Amino acid sequence: MGNSEDRLINKIENLIRLSSSNNEHEARAAMMKARELMAKYHIRMEDVSPEEKKSETVEAATTLEKFRETWVSDLAGVIAQNFRCRTLLLHWYTGNTYKIRFLGVNDDAFVCMEIFRYALKVIKSRVKTMRGIFYESGKDFNYNDKLVYCHGFMKGLQINFTEQTKRQQESRRDNCFALALCVPAVVDKAIESMGVEDAAPSTRPNMSRKNSMLYGIGYTDGKAFQNAGDKERLHS
């Protein structure tokens, strides 16, 4: 292990120790930052603390808001599968709405939730900007246009995650860290015990010349998305 990685792990260890603080806000922030760094550099908890592997417990983080649009659950699924989590949709048949629950070991679900919330914020902001641009040009920006952009974003986001993994594999010259990206067996078992299945991905929207452009913009934004260590997200 190189000196730079030694320093990184030491920093994570210090943050984890700080997470035992009696100050709840300080403890939460420290653990969040530790998980941020682990997600960004694909550091496994057992690299930091061999005892952590033995103490894996499944925890859940559930959205406060309810959603109607299917692309939102698709986005949650893309993020979850890249951060050791699974998603569960909690449906309300009145109004046809749902909440999203992330399940992961220890604080993985919480980190996954924060990344999801930030991605959602980025998409909504971008869509609002494009709607304004279209309006000023005397053109409509309809739901299908929004859906095309969102699907492009999710495709770019998945490529983003894949390329990050490849770069880390090449820099470390081993496959060990890839295990950190796998959903722990205890999470899969928890989902199976509930007797639920993963939500089917939504249908890809209709494409046109205009929407091919929007898909490309979404793809570019997804590839450029900073999923870890982003100050704007941490302090939003």
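Computed from a predicted structure; not experimentally measured. Quick note: residue numbers are just sequence positions, from 1.
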query = Mind checking who shares a hydrophobic cluster with Ile159, ILVMFWY linked at side-chain heavy-atom distances under 4.5 Å?
reply =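 Its cluster partners, ordered by chain and number, are Tyr219.
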[atom1] of [X] to [atom2] of [Y]: how many Å apart, nearest 0.5 Å?
{"X": "Ile191", "Y": "Leu103", "atom1": "CD1", "atom2": "CG", "answer": "4.5 Å"}
{"X": "Met113", "Y": "Leu64", "atom1": "CE", "atom2": "CG", "answer": "7.5 Å"}
{"X": "Asp221", "Y": "Arg126", "atom1": "CG", "atom2": "CZ", "answer": "4.5 Å"}
{"X": "Leu75", "Y": "Gln158", "atom1": "CG", "atom2": "CD", "answer": "11.5 Å"}
{"X": "Arg117", "Y": "Ile100", "atom1": "CZ", "atom2": "CD1", "answer": "12.5 Å"}
{"X": "Leu120", "Y": "Ile79", "atom1": "CG", "atom2": "CD1", "answer": "8.5 Å"}

With heavy-atom distances below 4.5 Å as the criterion, would you say the side chains of [X] and [Y] are in contact?
{"X": "Leu90", "Y": "Thr62", "answer": "yes"}
{"X": "Phe225", "Y": "Ile115", "answer": "yes"}
{"X": "Trp71", "Y": "Met154", "answer": "yes"}
{"X": "Lys99", "Y": "Leu89", "answer": "no"}
{"X": "Thr97", "Y": "Phe67", "answer": "no"}
{"X": "Tyr143", "Y": "Glu69", "answer": "yes"}
{"X": "Cys150", "Y": "Ile123", "answer": "yes"}
{"X": "Lys223", "Y": "Leu157", "answer": "no"}

Quick check against the 3.5 Å criterion: does [X] have a side-chain atom that pairs as donor or acceptor with the backbone of [Y]?
{"X": "Thr63", "Y": "Glu65", "result": "yes"}
{"X": "Asn96", "Y": "Trp92", "result": "no"}
{"X": "Ser125", "Y": "Val122", "result": "no"}

message = Is there a continuous path of hydrophobic side-chain contacts, each under 4.5 Å between heavy atoms, that joins Ile133 to Phe153?
response =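 Hydrophobic grouping puts Ile133 apart from Phe153.
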task = For the pair Phe102 and Phe110, evaluate ring-ring contact (aromatic ring centres under 6.0 Å, His included) and give the outcome as yes or no after the intermediate values.
result = CA-CA 8 Å; Phe102 294 93; Phe110 175 74; over 10 Å; no
Considering all heavy atoms, the nearest [X]-[Y] contact:
{"X": "Gly104", "Y": "Cys85", "answer": "CA-SG, 3.9 Å"}
{"X": "Ala61", "Y": "Ala109", "answer": "CB-O, 3.7 Å"}
{"X": "Ser73", "Y": "Tyr98", "answer": "N-OH, 3.2 Å"}
{"X": "Ala76", "Y": "Thr87", "answer": "O-CG2, 3.8 Å"}
{"X": "Met130", "Y": "Phe141", "answer": "CB-CE1, 4.0 Å"}

request  = Check the side chains of Asp140 and Tyr135 for a donor-acceptor pair under 3.5 angstrom, ignoring hydrogens and angles.
outcome  =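 Absent: no donor and acceptor within the cut-off.
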request  = May I have the step-by-step check of side-chain contact (heavy atoms from CB on, under 4.5 Å) for Asp145 and Val148, ending in yes or no?
outcome  = CA-CA 5 Å; Asp145 296 333; Val148 169; 5.7 Å; no
request  = Assess whether atom OH of Tyr93 is packed by more than 12 heavy atoms of other residues, nucleotides or ligands within 6.0 Å.
outcome  =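 Open.
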query = Would Leu88 and Met194 count as a side-chain contact (heavy atoms from CB on, under 4.5 Å) if you check the C-alpha gap in whole Å, the side-chain angles of each, and the deciding distance to 0.1 Å?
reply = CA-CA 10 Å; Leu88 178 65; Met194 297 175 190; 3.7 Å; yes
request  = For Tyr149 and Asn211, run side-chain hydrogen bond (donor to acceptor under 3.5 Å, both in side chains): C-alpha distance rounded to whole Å, both residues' side-chain angles, the deciding distance at 0.1 Å, then the answer.
outcome  = CA-CA 8 Å; Tyr149 170 82; Asn211 285 343; over 6 Å; no
side-chain contact (heavy atoms from CB on, under 4.5 Å) evaluation trace for Arg86 with Val183 = CA-CA 7 Å; Arg86 295 277 299 275; Val183 177; 3.9 Å; yes
